[in-house]
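Take a look at the structure below.
Just so it is clear, the values below take in all heavy atoms, side chains as well, and ignore hydrogens, waters and symmetry mates.
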Number of protein chains: 2
Amino acid sequence: MDLSERKLRILHAIVGDFIRFAEPIGSRTLSRKYDMGISPATIRNEMADLEEIGFLTHPHTSAGRVPSDKAYRLYVDDLMQKYEIPEEEKQIIAEKLKKNVSELERTIKHAASLLSEFTNLTSFAITPNQESNKLQHIKFLPVDEYTVVLMIVTESGRVTNTAVKLKSTCTEENLALLSKVMTYNYKGKTLSDILTLDIIKEFESDVEVMGRLMENIRPNFINTLENMLDVELYLDGLTNIFSIPEYNDIEKAKDFLDMINKREHLTDVLINREDGVIITIGNENKEDIMHDYSLITATYHVQGRLMGKLGVIGPTRMKYDEVTSIIEYITDNISRTFKITRGDENDE
Amino acid sequence: MDLSERKLRILHAIVGDFIRFAEPIGSRTLSRKYDMGISPATIRNEMADLEEIGFLTHPHTSAGRVPSDKAYRLYVDDLMQKYEIPEEEKQIIAEKLKKNVSELERTIKHAASLLSEFTNLTSFAITPNQESNKLQHIKFLPVDEYTVVLMIVTESGRVTNTAVKLKSTCTEENLALLSKVMTYNYKGKTLSDILTLDIIKEFESDVEVMGRLMENIRPNFINTLENMLDVELYLDGLTNIFSIPEYNDIEKAKDFLDMINKREHLTDVLINREDGVIITIGNENKEDIMHDYSLITATYHVQGRLMGKLGVIGPTRMKYDEVTSIIEYITDNISRTFKITRGDENDE
DNA sequence: GTTAGCACTCACCCAGCAAGAGTGCTAACA
DNA sequence: TGTTAGCACTCTTGCTGGGTGAGTGCTAAC
């Protein structure tokens, strides 16, 4: 199973060439293009060997060779070299991710957009799973006679708010009191605990006036918590696939877009991936409909604890070295940005 | 220029047939399919007349006739009948738009998604322009030692918040005071006035301690206001175009997607459209790149004053009757939902 | 072990042909 | 005078079939 150095060299050349040009490559072309000191006939023999042990395939008898998933795996693990991102690209990325740091959603959206821009692939990202995020603060603010704003702040500094319409008017004092009581009750509990442990129901008996108010507010409160637990999915660079020759066939393009449009499914796939930079190639993907694609994903962290994911999807023939470097650079940047809590820790 | 009743009947048949089947139709087929009591030869003569005055065109000599933009215009204005939306569709739409009424963004997103689902076209929507929205309330809430949440509430009940990182810690009293002072200063002013009139700068001299705090907060404040003024664009049903025969050609599909992806441009087009249900067909669109498409847009209102837009874009050959009814129904629903301020006005 | 040579295979391109759907025109009909 | 039948003509579409070129596998010689 160990490959000779020459076989590795040939395989490397084939994978590299195919990644760039998307065209099966023959022995003659290979020897002319990459001048490796051996004749086409020799290459042919080696190729036949490589095909037998599953590294190459053959679209049809008289076509050149094409790398298999196994070959890409070998390439990713042993052959490819680290890609250095050009300084200017790094700058653009760092610059854009620094903006609007107060809104994680915006940053994640930007991250997905940068990722698809620089990889020319379709990118996607999910916001952090907040189940273990703990509640810090609940506040009610009056807007007009019959409207109050319910605001929930979590320990990681995520803030969510909803307007609530009241059935009857309510004094500012009562709202302040309710804020205090609810904060006291729920502070330090995780969002999913608050939702599942029925402690929302238990609440109502406490005080008389509060009871009626809470009755009114409860649906919105539950709804807001549920929304906070929703993991948001962002997609970008959908149309990039049209510049990839593999998808010049309308059917293929449609299949791809149909798969991408199964948003819940895509979210699940991302959530269930392991942490760190993960590459899965073609058949390595558990999901049948992804057998023709490769995925590269990475994890970013918010305040050390919460984490979300970012990734690209494309044909198995992708620039693994470039994409890996770029995705790593982006997630590192996000994690660094959202690690800082205090305003004065702005480096540089 | 006035068309005979027979010419109108023929034109109606051609437009209707082409909208459904996307194929040029010839005199013989037309007479067979729609049994209009005259021979193909007669229809041919009438067709020649209609072509001469610009209602029909001819892809090539031996092909059938195809309606021109002018024909669609006549169809939309005089020929087409009102389309009745099936009750079940109405219910699904009403149901979905009722959910999450506290978050306009979510509703608009849902509206776009419903629109593309029921029209099988690509839909898009923008959130209301908030330039004339007035500030109602500013509140600072402590999160941790160095983090506060800045919260802005407008008269129409829209709420936005940002986490702000402080350079130095700050007492709760000071935050409460700053909230009061800022609310006092800005209440009743429109968002764009606050941003442009430089009143943010004037502010700082007021109180000594507040000055330093404000210095720290100002960039976030400005940034948040700017974000509130941004009109958000939502797109949905992009992949629907693949089920439209016109776009079976990969080049056409790409052109379409490229145009759709010019998001700023699309936003501008929407903003600059007149109110109400507006149909523009092919060449009627001012923008060159839209000469091959038709747009149907409509306006929804929030709290009577703010307004946003919703629309679809597709080939000039679209089901104008259906789309118009659906888009009208959806915008009416949104406007009705967001007219109510009090919780007890839930009809039904 | 490496290479040259050769027969063979297939996708791809292009030309040619027949079929089918349409048209425009002319002449006959009511 | 408006309507219709008939006919010649046009143009797309789909099919077929040969030529070309890139590539392979095998064999035999170096």
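Under the 4.5 Å side-chain criterion, counting only non-hydrogen atoms from C-beta, B:Thr122 is not in contact with B:Val312.
Salt bridge absent: B:Lys252 and B:Glu246 never bring a charged side-chain N and a carboxylate O closer than 4.0 Å. Using a cut-off of 4.0 Å between Lys/Arg side-chain N and Asp/Glu carboxylate O, A:Asp49 and A:Lys7 are scored as salt-bridged.
Residue B:His60 has its side chain nearest to D:dT12 when only D:dT4, D:dT12, D:dG23 are considered.
For B:Lys254 and A:Phe242, the positive end is not near the middle of the six-membered ring at less than 6.0 Å and at most 45° from its axis.
Distances shown here put every side-chain N or O of A:Arg44 at or beyond 4.0 Å from the OP1 or OP2 atom of D:dA22.
Each of B:Gly37 and B:Thr61 was assigned the nucleotide of DNA chain D with the nearest heavy atom; the assignment lying further toward the 5' end belongs to B:Gly37. Where A:Asn45 and B:Ile38 meet DNA chain D, the nucleotide closest to each residue was compared, and B:Ile38 sits on the side nearer the 5' end.
Pair check for C:dG24 finds D:dC7; Watson-Crick or G-U wobble, both atom distances under 3.5 Å.
Of all the heavy atoms in A:Arg20 and A:Tyr34, the pair that sits closest is NH2-OH, 3.7 Å.
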_salt bridge (charged side-chain N to carboxylate O under 4.0 Å, His left out) evaluation trace for A:Lys33 with A:Asp17_ = CA-CA 10 Å; A:Lys33 229 171 161 178; A:Asp17 191 272; 2.8 Å; yes

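Bracketed by its first and final contacts, the part of DNA chain C lying under 4.0 Å from non-hydrogen atoms of chain A reaches from C:dT2 to C:dA11 in 5' to 3' order.
If you measure from atom CG of B:Leu30 to atom P of D:dT4, you get 14 Å, rounded to the nearest angstrom.
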